[in-house]
Amino acid sequence: VRLAVDADARERVVGRLSSDVTVTDAADGSAIVDIPVTNRAAFRSLVLGFGEHVEVAEPPEVRAEIVGWLEQCAAGAPPR
Amino acid sequence: MSPRPVAGAEIERILALVPWIVAHPGTSKQDIAQRFGITLAQLDDDLALVLMIGVPPYSPGDYLDVEEDDDERVTIRLAEHFRRPLQLTPAEGLALLAAGRALLAVPGSDPTGPLATALDKLEGALDLPDLVVEVGEPEFLGAVREAATHHERIEIDYWSAGRDELTTREIEPGMVFFALGAWYVPAYCHRARAERMFRVDRIRGVRRTGSTFEQGPTLAEAGEVYSPRPDDPRVRLHLSPAVVWVAEAYPTESVTELADGGLEVVLAVSEPAWLERLLLQLGPEARVVDPPEAARHVADTARRVLERYTRGDSVAGPGGRRGTRTRTGTRDGA
């Protein structure tokens, strides 16, 4: 799975992962991180733990799963 | 907040279940339960536990995964780590030996039992010279310990996971201790004007101030990683059966079983950001009963994260953002 990670979360995200990840750093400090995923629940927990600092870029079905999950969370209460 | 004790028989069954299901993907739960002589409810409990099995640092690729299709057929996917035969490197063998010796030192351990015998064999196979084992430590552990020993007030740069921010503060450190896989230091924090518990690996810098302090008697006792304060807000949650682990993972003030197998729990919350993150992670598996504003907070947080997915510069699609430097790390194959 490919993640887009903000500059201010880059160090914490990469530090949290195993060594078998590929990190592509951008000039602005943000990064694209490719990680293997076997456990969807653990993956979702990891991504959501970083809030808006991390975005699932690919594949589309995993991205859609996270968006669907967030939409369920957002439906829990109306906007203020 | 100790984890649920797992009976030896349960562990033995899971150790037998996992390789069998891996070798027979897509077997129905009914057939698996029948084969292992357990009820469907027991099998569900076992499979829930299997989902928690992984190896450090617990990346999403380091866990076992259990898939169940619409016809209740089960497949277990092994993380790469578990597919490899266990061939210890000298460093891994040494780590296992050190951990085993530490376990043997616990009062009540059998010094001539199976563990001791296995460790003797392992030590023989490693063919070790005389050496000293050094355990990895956070960068500023020594500086914090020294300040605690000499009752020196220090200035630290500290990353707060709960609020996701880096702050600078002066603290009066108490006794440093190790718990739950991390080093902690209880300290009086001049910024908060109260006692706080700090994780040493989240300290990003330490500077001496040259002033000392009187060691007070009120520092939190070692081992108590988070002590809810009376004025910390409380939140009441309904947890579905899938996420009852929350009651074991965090300090709870009350736990009540619900008719559907879930739990109603009351948690003390020192940082709203922590609660928002937890509720995002639990999603539809948890419901805020009280206070209602906590439910609104998490919904707002979810909408904020969703904005990232819907705004114009989202990275979806092949190619992603531009990259300039690449670091590729791989397992060493040991």
Side-chain angles (χ1 to χ4, degrees), chain A residues 1-4 6 8-9 11-12 14-28 30-32 34-58 60 63-64 66-80, chain B residues 51 54-66 77-81 159 161 164 242 273 276-277 279-284 287-288 292-293 295-310 314-318 320-332:
Chain A
V1 176
R2 173 163 291 187
L3 303 176
D6 282 355
D8 54 359
E11 198 178 327
R12 282 183 284 127
V14 174
R16 171 70 183 72
L17 299 169
S18 341
S19 55
D20 52 353
V21 298
T22 303
V23 182
T24 306
D25 287 313
D28 63 0
S30 66
I32 296 293
D34 291 296
I35 62 170
V37 173
T38 53
N39 187 314
R40 289 274 180 103
F43 170 74
R44 189 173 57 231
S45 183
L46 171 92
V47 168
L48 296 175
F50 289 102
E52 68 269 40
H53 301 301
V54 172
E55 177 182 352
V56 178
E58 297 174 38
R63 181 180 164 90
I66 290 286
V67 168
W69 186 270
L70 287 165
E71 284 172 345
Q72 288 188 70
C73 291
R80 276 178 285 191
Chain B
L51 274 173
V55 292
Y58 305 106
S59 279
D62 297 334
Y63 286 89
L64 304 189
D65 196 21
V66 179
R77 198 181 317 160
L78 294 179
E80 183 60 30
H81 174 90
W159 175 64
D164 189 17
E276 285 169 11
R277 261 202 321 260
L279 290 174
L280 270 193
Q281 289 166 337
L282 300 177
R287 183 170 66 80
V288 177
E293 55 267 28
R296 280 197 295 273
H297 278 308
V298 71
D300 287 345
T301 306
R303 281 187 276 271
R304 199 174 68 230
V305 180
L306 272 172
E307 276 174 24
R308 172 161 186 155
Y309 285 82
T310 52
S314 172
V315 296
R321 290 179 181 176
R322 68 283 177 204
T324 53
R325 300 189 304 278
T326 300
R327 174 179 73 74
T328 303
T330 56
R331 292 180 188 279
D332 58 15

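Here is how names work: the chains are called A, B, and so on, in the same order as the sequence lines, proteins then strands, and each is numbered from 1.
- For A302(B) against C73(A), the heavy-atom pair with the smallest separation is CB-CB, 3.5 Å.
- L70(A) touches chain B through backbone and side chain together, each having a heavy atom under 4.5 Å away.
- The part of V54(A) that comes within reach of chain B is its backbone (N, CA, C, O), which places non-hydrogen atoms under 4.5 angstrom from that chain.
- The shortest heavy-atom contact between V37(A) and R77(B) is O-NH1, 4.3 Å.
- With chain B as the partner, the residue from G49(A), A42(A), P36(A) showing the most heavy-atom pairs under 4.5 Å is G49(A).
- V66(B) has its side chain out of reach of N39(A): every pair of non-hydrogen atoms, C-beta onward, lies at least 4.5 Å apart.
- With contacts defined as side-chain heavy-atom distances shorter than 4.5 Å, the pair V67(A)/L306(B) qualifies.
- With sequence neighbours excluded, the residues forming a salt bridge (Lys or Arg N to Asp or Glu O under 4.0 Å) with R304(B) are E52(A), listed by chain and number.
- The candidate from V298(B), L282(B), D65(B), L279(B) with the greatest count of non-hydrogen atom pairs under 4.5 Å with chain A is D65(B).
- Heavy atoms of L51(B) lying under 4.5 Å from chain A belong to its backbone as well as its side chain.
- Checking side-chain atoms of T38(A) against main-chain N and O of L64(B) turns up no donor-acceptor pair under 3.5 Å.
- A donor-acceptor contact shorter than 3.5 Å is absent between the side chain of Y309(B) and the backbone of A64(A).
- Taking CD1 of I66(A) as the reference point, atom CG of L280(B) lies at 10.0 Å (rounded to 0.5 Å).
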